[in-house]
Trainee: 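Handing you a structure now.
Below, all heavy atoms of this structure are taken into account, side chains as well, without hydrogens, waters or symmetry copies.
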Amino acid sequence: MKMNLSDSENELPLGFGIALAKNNSAMEYFSTLTPAHRREIIAHTHTIRSKEEMERFVEKMDKTSWI
């Protein structure tokens with residue numbers, strides 16, 4: 001599934017992209033969000049400091065209220 005995040009502000013951080021690639025339901029959910037909601041999630045990922053924390057965030061991402 002390809003997501004078009006064209007400008008550099010919207011590029012997926014590496015750790016987030018890897019965690020998304022491991023979780024199909026989170027990837028599908030993220031791809032349905034508006035660009036504004038994607039930016040909000042991406043901004044939040046910059047506060048995450050470990051691989052484990054990122055994986056937990058992605059695992060519960062579709063159960064949180066980002067919409």
Trainee: Taking everything shown except Glu59 itself, do over 12 heavy atoms lie less than 6.0 Å from its CD?
Mentor: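 Open.
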Trainee: With a 4.5 Å cut-off on side-chain heavy atoms, are Met61 and Leu20 touching?
Mentor: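 Yes, close enough: below the 4.5 Å cut-off.
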Trainee: On a heavy-atom basis, which atom in His46 and which in Pro13 lie closest, and how many Å separate them?
Mentor: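 That would be CE1-CG, 3.8 Å.
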Trainee: Could you list the residues that satisfy side-chain contact (heavy atoms from CB on, under 4.5 Å) with Ala36, not counting sequence neighbours?
Mentor: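 So Ala36 forms a side-chain contact (heavy atoms from CB on, under 4.5 Å) with Thr34, Arg39.
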Trainee: With sequence neighbours left out, write down each residue that passes salt bridge (charged side-chain N to carboxylate O under 4.0 Å, His left out) with Lys51, or none if nothing qualifies.
Mentor: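 Scan of Lys51 (salt bridge (charged side-chain N to carboxylate O under 4.0 Å, His left out), adjacent residues dropped) gives none.
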Trainee: List the residues meeting side-chain contact (heavy atoms from CB on, under 4.5 Å) with Thr47, not counting sequence neighbours, and say none if there are none.
Mentor: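 With sequence neighbours excluded, Thr47 shows a side-chain contact (heavy atoms from CB on, under 4.5 Å) to His44, given in chain and number order.
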Trainee: Measure the shortest side-chain to side-chain distance between Phe30 and Val58 over non-hydrogen atoms and say whether it is less than 4.5 angstrom.
Mentor: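 Phe30 does not reach Val58 side chain to side chain.
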Trainee: Ignoring hydrogens, what is the shortest heavy-atom contact between Met54 and Ile48? Give both atom names and the distance.
Mentor: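 Taking Met54 first and Ile48 second, the nearest heavy atoms are N-CG2, 3.4 Å.
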Trainee: Roughly how far apart are Ser31 OG and Arg38 CZ, rounded to 0.5 Å?
Mentor: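 These two atoms lie 6.5 Å from each other.
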